[in-house]
Amino acid sequence: MGSKESKPVESIPDFDTPWRSVDWTKKEDLEEELTDIQLNHPELRHVRILLHGPVGAGKSCFINSVQSVFKGEIITMAGEESCANKSFTKRYKSHTFINSNSETLPFIINDALGLEKGESNGIDPEDIVSALKGHITEGYKFNPISPRCEEDQDFIREPTLKNKVHCLVSVVPANAISRMDDSLIQKMKYIRKKATDLGIPNVVVMTKVDADVCPLVNKDLTQIYISRKIKEKMQDCENRLGPPMKSIFPVSNYHEETETNNTKDVLILTALLQIVKCAKEYVSRQHTTRE
Ligand SMILES: Nc1nc2c(ncn2[C@@H]2O[C@H](COP(=O)(O)OP(=O)(O)OP(=O)(O)O)[C@@H](O)[C@H]2O)c(=O)[nH]1
Ligand SMILES: [Mg+2]
């Protein structure tokens, strides 16, 4: 009879060299590139980015982190909540950003209610789709019981390019992606598919890479692309949600710090630059198709 002794599980080693290259010295270059982006569009001064994702994924925290990077100090402008089952963010809100020279940056990020698991819980995905199309008014208080409809007084019936979303960002927490409820994944996939049908690009920001996903990264965030665990989480995200690896950007938001730091800044700016470039590309396509 063969031995029933199980072999010890060998832990798969991390990578010897980073599988995605990051230049940790280029923070200023990234900031400059983002500040100087020209939209070359007569109607637009900003591209509009919409965040969606589960309750507590770090959407509002990402918005605060972006502003913190550009100001060089920790800023809280979007409300965050540490232990919410229901979405802490209640209203559709556009956030604009300024840098330390008080220049307005060429992008707006919209925060919305978080998605919940279960068919009839939380924000209706149709509300996010309405936001993508530009029908939702600023400050709109989402009603989880009934989605926005054309009969509503403040429904924007004929949205212009300014009202529409130019890049959809799915915010997914690295420490929860593998056990995220399937109903939630289906809602996110539905919203991503609608965006794709509308020609709107999608990018994924994978938050909470510092939250006990990988001891190596917990100790040193610069090891992010050496870590096998982080790559596995990104692959989980690719497999469950559908985006290709090249559209997934891991970040660690400012959630407990009292000062900004270069490594977090570079990861946040790298994700943001890709998002803004996708949005710009979408906008320039709209411009060309109308000519
Ligand atoms: N460790 C860690 N914690 C984070 C990170 N991002 C967000 N958090 C924490 O996660 C909690 C939820 O973050 P929020 O930004 O409020 O989440 P949200 O997606 O806006 O959630 P709702 O508005 O409720 O839908 C807060 O306590 C944040 O401080 C991160 O990258 N790492
Ligand atoms: Mg929020």
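Remember, it's 1-based here, ligands and their atoms both numbered in the order they're listed. Not measured: the values here are computed from a predicted model.
Near G114, meaning under 4.0 Å from any of its heavy atoms, are these atoms of ligand 1: 25 (O). Residue contact check: C61 has heavy atoms under 4.0 Å from atoms 6 (N), 7 (C), 15 (O) of ligand 1.
Without hydrogens or angle criteria, H41 side chain to L39 main chain gives no donor-acceptor distance under 3.5 Å.
Not one N or O of T207 is nearer than 3.5 Å to an N or O of ligand 1, by distance alone. Checked by distance only, ligand 1 and F62 stay at 3.5 Å or farther apart across all their nitrogen or oxygen atoms. The shortest N or O to N or O distance between F88 and ligand 1 is under 3.5 Å. Residue contacts with ligand 1: V251 is placed with no nitrogen or oxygen under 3.5 Å of a nitrogen or oxygen of the ligand (distance criterion only).
Closest heavy-atom approach to atom 21 (O) of ligand 1 within the set G56, S252, G58: this belongs to G56.
Note on K231 versus E238: no salt bridge recorded, every NZ/NE/NH1/NH2 to OD/OE distance being 4.0 Å or above. Between R285 and E281 there is a salt bridge, with a side-chain nitrogen of the basic residue lying less than 4.0 Å from a carboxylate oxygen of the acidic one. For the pair D14 and R228, the salt-bridge criterion is not met [side-chain N within less than 4.0 Å of a carboxylate O]. With respect to the salt-bridge test (charged N to carboxylate O, under 4.0 angstrom), the residues R240 and D182 qualify.
The proximity of D111 to ligand 1, defined as any non-hydrogen pair under 4.0 Å, does not occur for either the backbone or the side chain.
In this structure K264 satisfies the side-chain hydrogen bond (donor to acceptor under 3.5 Å, both in side chains) test together with S252, E257, sequence neighbours excluded.
Residue K90 qualifies as enclosed at atom NZ: its count of foreign heavy atoms under 6.0 Å is above 12. Within a 6.0 Å sphere centred on CZ of R20, other residues, nucleotides and ligands contribute more than 12 heavy atoms.
When ring centroids are compared, F107 and H46 stay outside the 6.0 Å threshold.
Distances under 2.8 Å from the Mg ion (ligand 2) pick out the protein N/O/S atoms S60 OG, T89 OG1.
Ligand 1 lies within reach of A57, whose nearest heavy atom is under 4.0 Å from it.
Residues Y92 and N110 bring a donor and an acceptor atom of their side chains to less than 3.5 Å of each other.
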